[in-house]
Asks: 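Attaching a single structure in structure tokens format; questions to follow.
Every heavy atom of this structure was used, including side-chain atoms; hydrogens, water molecules and symmetry mates were not. Remember, predicted model here, so these are calculated numbers, not experimental data.
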Amino acid sequence: QVQLVESGGGLVQAGGSLKLSCAASGGAVSSRTMAWFRQNPGKEREFVAAILFETGSPLYRDSVEGRFTISRDNAKNTLTLQLKGLIPEDTAVYYCAAQPIFHMGTYYDPATYDFWGQGTQVTVSS
């Protein structure tokens, strides 16, 4: 099965930037819809961004559009989330997720994703 490993999280001051990476194995990022979700303790997992497998079109949560950029590198088989203009409300564990190959469910619904990474912590200080 597909395995996903996130990296790049850390502690950053408000207004700063981070680059999160998701290394995939056992499956191609180009063959499936990929996404980033985030979650805090006691809260529901929430959609952040997705990239559709067929067109490569990016889709974003309203609160991050214009600040975050999702992209995929098919040669390296990685998914990236570039975060800029970070605010304390962005603090969360960020998860990489993948849908089944050549399948698109409801991209913002975590229940449509079969594969998940272990998460990487992003902390934004004020």
Asks: Please tell me whether L79 and F115 are part of a single hydrophobic cluster in this structure, the criterion being side-chain heavy atoms less than 4.5 Å apart.
Replies: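 Yes, one cluster joins them.
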Asks: Shortest non-hydrogen contact from A14 to P88?
Replies: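 Heavy atoms of A14 and P88 come nearest at CB-CD, 4.3 Å.
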Asks: Pair V64, R38 - check side chain to side chain contact (heavy atoms under 4.5 Å, CB included), show working.
Replies: CA-CA 12 Å; V64 309; R38 64 189 183 187; 4.1 Å; yes
Asks: Grab the two heavy atoms, one from T120 and one from G8, that are nearest each other, plus how far apart they are.
Replies: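 Scanning both residues, the minimum pair turns out to be OG1-N, 4.2 Å.
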Asks: Under a single-linkage definition using a 4.5 Å side-chain heavy-atom cutoff for Ile, Leu, Val, Met, Phe, Trp and Tyr, are Y113 and L20 assigned to the same hydrophobic cluster?
Replies: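 No; tracing contacts between hydrophobic side chains, which count when under 4.5 Å, never links both residues.
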Asks: To the closest 0.5 Å, what do you measure between OG (S63) and CG (D90)?
Replies: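 If I round to the nearest 0.5 Å, the distance is 7.0 Å.
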Asks: Do V5 and Q118 come within less than 4.5 Å of each other through their side chains, counting heavy atoms only?
Replies: yes
Asks: Give the minimum heavy-atom separation between V29 and R72, together with the two atoms involved.
Replies: O-NH1, 3.9 Å
Asks: To the nearest 0.5 Å, how far apart are CG in D109 and CD in Q99?
Replies: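 It comes to 9.0 Å.
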Asks: Would you say the side-chain atoms of R32 pair up with the backbone N or O of A98, donor to acceptor, closer than 3.5 Å?
Replies: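 Between the backbone of A98 and the side chain of R32 there is no qualifying donor-acceptor contact (under 3.5 Å).
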Asks: Looking only at heavy atoms, which two atoms of F37 and Y107 are closest? And how far apart?
Replies: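 Minimum heavy-atom contact is CZ-O, 4.0 Å.
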Asks: Check whether any side-chain heavy atom of T123 lies under 4.5 Å from a side-chain heavy atom of Q121, and answer yes or no.
Replies: yes
Asks: In terms of hydrophobic clusters joined by side-chain contacts under 4.5 Å, are W116 and V93 together?
Replies: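 They do share one cluster, since a chain of ILVMFWY contacts under 4.5 Å joins W116 to V93.
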Asks: Check this for me: I101, atom CD1, are more than 12 non-hydrogen atoms of other residues, nucleotides or ligands nearer than 6.0 Å?
Replies: no
Asks: Any sub-3.5 Å donor-acceptor pair from Q39's side-chain atoms to A92's backbone N or O?
Replies: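 No, the answer is negative, given that no donor and acceptor are paired below the 3.5 Å cut-off.
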Asks: Can you pull the side chain to side chain donor-acceptor pair (under 3.5 Å) pairs that have at least one residue in residues 73-86, sequence neighbours excluded?
Replies: none
Asks: Verify the cluster assignment for F47 and L83: are they in a single hydrophobic cluster under the rule of side-chain heavy atoms below 4.5 Å apart?
Replies: no
Asks: Would you say the side-chain atoms of Y108 pair up with the backbone N or O of E46, donor to acceptor, closer than 3.5 Å?
Replies: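 It does not hold such a pair.
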Asks: Which pairs with one or both residues in residues 63-95 pass ring pair (Phe, Tyr, Trp, His ring centres under 6.0 Å), sequence neighbours excluded?
Replies: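 Those involving residues 63-95 do not exist here.
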Asks: W36, L18: one ILVMFWY side-chain cluster at the under-4.5 Å cut-off?
Replies: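 Linked, W36 and L18 end up in one cluster.
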Asks: Could you check whether any side-chain heavy atom of I87 comes within less than 4.5 Å of a side-chain heavy atom of R67, counting everything from C-beta outward?
Replies: yes
Asks: For C96, does its backbone N or O pair with a side-chain atom of E6 as donor and acceptor, under 3.5 Å?
Replies: yes
Asks: How close do I70 and I51 get, counting heavy atoms only, and between which atoms?
Replies: CD1-N, 3.9 Å
Asks: Any heavy-atom pair between the side chains of F53 and S31 that's under 4.5 Å?
Replies: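 Counting from C-beta outward, S31 and F53 never come under 4.5 Å.
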Asks: Between P100 and D114, which heavy-atom pair has the shortest distance, and what is it?
Replies: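 Residues P100 and D114, closest heavy atoms: CG-OD2, 3.1 Å.
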Asks: Taking atom OH of Y60 as the centre, does the number of heavy atoms from other residues, nucleotides or ligands within less than 6.0 Å exceed 12?
Replies: yes
